[in-house]
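One structure is given here, and the rest of the page talks about it.
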Amino acid sequence: MTNSHAPVALGTEQARTRLHELTVIDVRTPAEYASGHLPGALNIPLDHIRRALPEIRNAAERGDVLVVCASGARSENARKLLAEQGVTTATLAGGTGAWAAEGHDLHTPAACDTRSGWSMERQVRFTAGTLVLLGLVLVLFVHPAFLLISAGVAGGLVFSALTNTCGMAVVLGKLPHNRPRAADLDAALAALRSR
């Protein structure tokens, strides 16, 4: 945050009591953000953090910045990326999942503005499960070599767990429903500049 001794992560209660003084950046996809976010959070997806670096740097110079995601993994990646650029931020321990589990409200856009959808974790589980089933069906009805599809997905899941990365999430994040509209991203950056 604004000093070098600031915490790397805030607990939900710490964040709740300081929410009025924090600039909160939600690094999830627009669909995840629309399904519920911390009050006042701005949506700047993880893969757009570099583009938003000047605005985030200015916000961090004016006050403390809290980076959030669903569970804390993507926000930790964003925190590290920003730290490499000399911008000190903190993450929300446990992400929006922990925030909601402790009974704190998540805000959602007005019904006409909603692009709500599945969380990235749910999208990955659905896609992986579908690919495994498809591979097994193709093995039964087409050719045994299609078992490689299921084996590839299984290997990818093990690699994902061991490295705490997810290639499938990166690919799914590039789908149109997971990308911010240019106007939405521009509005988030403008709001960040005005804080």
Side-chain angles (χ1 to χ4, degrees), residues 1-50 52-53 55-109 116-125 157-170 172-173 178 180 188-189 191-192 195:
M1 320 244 339
T2 54
N3 67 56
S4 60
H5 301 294
V8 171
L10 296 179
T12 55
E13 198 54 34
Q14 289 174 298
R16 188 193 63 74
T17 59
R18 296 190 57 211
L19 198 58
H20 65 283
E21 65 189 49
L22 295 170
T23 296
V24 181
I25 299 172
D26 191 319
V27 298
R28 297 176 298 159
T29 66
E32 291 174 294
Y33 174 82
S35 68
H37 55 269
L38 269 68
L42 300 172
N43 185 217
I44 302 175
L46 181 58
D47 58 346
H48 289 273
I49 289 292
R50 288 190 193 278
L53 184 60
E55 289 85 355
I56 296 170
R57 184 184 312 280
N58 288 337
E61 289 170 357
R62 292 189 307 270
D64 294 338
V65 176
L66 181 68
V67 185
V68 302
C69 67
S71 66
R74 283 178 280 177
S75 59
E76 178 60 17
N77 289 341
R79 187 198 66 75
K80 287 177 181 175
L81 188 145
L82 290 166
E84 290 170 1
Q85 301 299 317
V87 179
T88 304
T89 61
T91 63
L92 177 63
T96 56
W99 180 269
E102 293 203 16
H104 304 305
D105 287 336
L106 292 174
H107 288 201
T108 55
S116 66
W118 290 357
S119 71
M120 185 55 66
E121 179 187 356
R122 186 175 181 191
Q123 291 179 56
V124 167
R125 288 192 322 249
L157 291 171
V158 169
F159 179 79
S160 175
L162 292 173
T163 62
N164 198 26
T165 61
C166 187
M168 189 177 290
V170 170
L172 291 172
N178 284 325
L189 295 176
L192 192 54
R195 289 188 181 209

Can you list the steps and then say if Val68 with Ile25 is a side chain to side chain contact (heavy atoms under 4.5 Å, CB included)?
-> CA-CA 6 Å; Val68 302; Ile25 299 172; over 6 Å; no
For the pair Val24 and Leu19, evaluate side chain to side chain contact (heavy atoms under 4.5 Å, CB included) and give the outcome as yes or no after the intermediate values.
-> CA-CA 8 Å; Val24 181; Leu19 198 58; 3.7 Å; yes
Residues Gln123, Met168; criterion side chain to side chain contact (heavy atoms under 4.5 Å, CB included); working and verdict | CA-CA 9 Å; Gln123 291 179 56; Met168 189 177 290; over 6 Å; no
Please lay out, stage by stage, how Glu76 and Val67 fare under the test side chain to side chain contact (heavy atoms under 4.5 Å, CB included).
-> CA-CA 8 Å; Glu76 178 60 17; Val67 185; over 6 Å; no
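Here the side chain of His37 pairs a donor or acceptor atom with the backbone of His107 at under 3.5 angstrom. Using modelled atom types, one side-chain atom of Asn43 and one backbone atom of Asp26 make a donor-acceptor pair closer than 3.5 Å. No donor-acceptor distance shorter than 3.5 angstrom exists from the side chain of Trp99 to the backbone of Leu106, with no hydrogens or angles considered. Distance alone, capped at 3.5 Å, is enough to place a donor-acceptor pair between the Tyr33 side chain and the Ala41 backbone.
Note that NE2 of His48 is 9.5 Å distant from CG of Leu189, once rounded to the nearest 0.5 Å. In this structure, Thr88 OG1 and Asp64 CG are separated by 9.5 Å, a value rounded to the nearest 0.5 Å. For the atom pair OG of Ser75 and CG of Leu46, the computed distance is 9.0 Å after rounding to the nearest 0.5 Å. We find the CD1-CD distance between Ile44 and Glu55 to be 7.5 Å, quoted to the nearest 0.5 Å.
Side-chain atoms of Arg50 and Leu81, non-hydrogen and from C-beta on, do get closer than 4.5 Å to each other. Using a 4.5 Å cut-off on side-chain heavy atoms (C-beta onward), Glu32 and Arg122 make no contact. Considering only heavy atoms from C-beta on, Arg74 stays 4.5 Å or farther from Arg79 through its side chain. The shortest side-chain heavy-atom distance between Leu82 and Ile49 falls under the 4.5 Å cut-off.
Nearest approach of Ala191 to Leu42, heavy atoms of both residues: CB-CD2, 3.7 Å. When all heavy atoms of Val27 and Cys69 are compared, the pair lying nearest together is CG2-CB, 3.9 Å. For the pair Leu66 and Ala15, the tightest heavy-atom approach, listed with the atom from each and the gap, is CD2-CB, 4.0 Å.
More than 12 heavy-atom neighbours from other residues, nucleotides or ligands sit within 6.0 angstrom of CZ on Arg57.
Between Glu121 and Arg125, at least one side-chain N (NZ, or NE/NH1/NH2) sits under 4.0 Å from a carboxylate O, which counts as a salt bridge.
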